[in-house]
Amino acid sequence: QVKERGKGHYRFYQPEMNADLLGRIQMDHAMRQGLQRGEFELHYQPRVDLRSGTVPACEALVRWHRPGQGLVMPGTFIGVAEETGLIALLGHWVLQNAIAQAARWAAEGRPLQVAVNVSALQFQQARFVQDVADALQQHRLPPHLLELELTESILIRDAEEALGKLQALADLGVELSLDDFGTGYSSLTYLKRFPLHRLKIDRSFLVSMPEDGADAAIVAAIVQMGHALSMEVVAEGVERPEQLQRLHALGCDHYQGFLFARPMPADALRTRLASPDGKPAQTPPP
Ligand code: C2E
Ligand code: MG
Ligand code: MG
Ligand code: MG
């Protein structure tokens with residue numbers, strides 16, 4: 001079966017298209033149900049200060065205990081939630097739960113900043129800033145213990161509106177970071193104007209560093225530019241000691257990665273950080 005799609009364009013009808021659509025509808029339904037049934041959980045990955053070796057923050061990453069399917073990773077459902085619009089609800093759940101957890105840690109005398117990933121659709125909601133303000137107040141969390149991770153595509157879509165929201169969030173005292181930096185289309189003008197606290201260098205630039213000279217040069221340039229614009233720079237996806245050594249030499253501020261720790265449930269992270277230096281045995285001195 002061939003359907004005409006316009007001048008000279010043909011698209012082959014494929015049963016998988018329907019299966020795919022059906023799959024997404026089913027997944028949307030299962031996610032809605034899962035939210036009500038408490039099937040979602042946040043894991044937390046520590047972010048390490050390269051100079052001191054301390055852990056000032058962690059990133060909340062959502063997981064889904066989908067019945068019969070074990071632990072499902074966000075890569076398989078965030079995209080669907082963004083397409084169906086369910087991300088607004090899911091994002092709200094993540095924000096509430098991450099803030100509640102950060103407030104518990106603060107109340108226990110071990111304040112740890114929690115970073116929350118924000119989707120475009122969520123950020124574009126008119127009530128987003130108010131939602132954040134309400135949640136902070138409800139859980140009595142000092143605003144600087146919350147960080148919001150945004151992506152370049154969110155910011156350039158409607159730069160003027162985005163700037164207003166970022167300013168309002170920064171005025172609340174919330175910290176802001178630009179996630180997956182280097183993969184989008186940031187204009188340097190925006191970078192200068194947006195009140196961002198941190199740049200998170202996308203993992204793809206770290207993978208073959210320091211062996212690949214071009215990647216190492218890009219990382220070096222991002223670190224220098226971030227510092228010139230008074231931002232901290234965070235490296236994502238650090239898996240090997242050689243990467244860490246190079247990042248240290250480049251003056252990168254923070255890192256996250258399997259080398260230090262994988263994302264883990266809140267209790268596991270607390271136990272881990274309570275150990276003498278909070279570090280695993282294999283972490284080399286920087
Ligand atoms: P991200 O925000 O860039 O998060 C970093 C991802 O890299 C996480 O994957 C983390 O587990 C992984 N990672 C960290 N260190 C390493 C490493 O050393 N090696 C490797 N190979 N991977 C590492 P995860 O948890 O599967 O999340 C994937 C993406 O899903 C996130 O990328 C983020 O864009 C999205 N996401 C996760 N949770 C949420 C959420 O609550 N809301 C929204 N909107 N998006 C989320
Ligand atoms: Mg992130
Ligand atoms: Mg990232
Ligand atoms: Mg991301």
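Quick note: numbers below take in every heavy atom, side chains included, and nothing from hydrogens, waters or symmetry partners. Counting convention: from 1, in listed order, for ligands and their atoms alike. If you're wondering where the values come from, they're calculated on a predicted model, not measured in any experiment.
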S119 heavy atoms, cut-off 4.0 Å: which ligand 1 atoms fall inside? 44 (N)
Answer with yes or no whether E236 contacts ligand 1, where contact means a heavy atom under 4.0 Å from a ligand atom. yes
Proximity to ligand 1 by part of R262, non-hydrogen separation under 4.0 Å: neither
Measuring to the Mg ion (ligand 3), does E149 have an N/O/S atom at a distance below 2.8 Å? no
Please identify each residue that fulfils side chain to side chain contact (heavy atoms under 4.5 Å, CB included) with Q69, with sequence neighbours left out. R66, V72
Check R51 with D253, please: is the shortest side-chain N to carboxylate O separation under 4.0 Å? yes
The atoms of ligand 1 lying under 4.0 Å from a heavy atom of V62, numbered in the order shown, are 38 (N), 39 (C), 40 (C), 41 (O)
Using a strict 4.0 Å cut-off to heavy atoms of D180, name the atoms of ligand 1 that fall inside it. 3 (O)
Sequence neighbours excluded, every pair satisfying ring-ring contact (aromatic ring centres under 6.0 Å, His included) that has a member inside residues 82-113: Y44-W105
Ligand 1 to D179, heavy atom cutoff 4.0 Å, flagged ligand atoms 1 (P), 2 (O), 3 (O)
Which residue in the set Q113, K200, R47 passes side chain to side chain donor-acceptor pair (under 3.5 Å) when paired with E59? K200
Take R193 and E160 through the test salt bridge (charged side-chain N to carboxylate O under 4.0 Å, His left out) and record every step on the way to the result. CA-CA 10 Å; R193 292 175 62 206; E160 287 312 315; 3.2 Å; yes
Donor-acceptor pair, D180 side chain versus T183 backbone, under 3.5 Å? no
Side-chain ion pair, E232 and R198, N-O less than 4.0 Å: yes
Touching ligand 1 at all, Q122? Heavy atoms, strictly under 4.0 Å? no
Please determine which of V223, L50, V233 meets the side-chain contact (heavy atoms from CB on, under 4.5 Å) test together with L247. L50
L61 and ligand 1 - part of the residue with a heavy-atom distance under 4.0 Å: both
Can you check whether E39's main-chain N or O pairs, donor with acceptor, with H65's side chain at less than 3.5 Å? no
What angle sits at the Mg ion (ligand 2) between OD1 of N117 and OE2 of E59, to 10°? 90°
Could you see which bit of N117 sits under 4.0 Å from ligand 1, with heavy atoms only: side chain, backbone, both or neither? both
Of all the heavy atoms in G75, does at least one lie under 4.0 Å from an atom in ligand 1? no
Distance under 4.0 Å to a non-hydrogen atom of P263: what atoms of ligand 1 satisfy this? 11 (O)
Are any of the side-chain nitrogens in D28 or R32 under 4.0 Å away from the carboxylate oxygens of its partner? yes
Is there a nitrogen or oxygen of F258 sitting under 3.5 Å from a nitrogen or oxygen of ligand 1? yes
Closer than 4.0 angstrom: is that true for some heavy atom of E82 and an atom of ligand 1? no
Suppose I only count heavy atoms of G257 and a 4.0 Å limit; which atoms of ligand 1 are within that range? 15 (N), 18 (O)
Region of Q45 that comes within reach of ligand 1 [heavy atoms, distance under 4.0 Å]: side chain
Which angle, to 10 degrees, forms at the Mg ion (ligand 3) with OD1 of D179 on one side and OD1 of D180 on the other? 90°
Which is it for Q256 and ligand 1 at heavy atoms under 4.0 Å: side chain, backbone, both or neither? neither
Atoms in ligand 1 with a heavy atom of V238 nearer than 4.0 Å: 18 (O)
What atoms of ligand 1 come within less than 4.0 Å of a heavy atom belonging to E59? 1 (P), 2 (O), 4 (O)
Any idea how Y255 and F260 line up, ring-wise: parallel (<30°), tilted (30 to 60°), or perpendicular (>60°)? perpendicular
Examine distances only and state if a side-chain atom of Q45 and a backbone atom of A261 form a donor-acceptor pair shorter than 3.5 Å. yes
Would you find a donor on one side and an acceptor on the other, under 3.5 Å apart, between the side chain of Q243 and the backbone of R240? yes
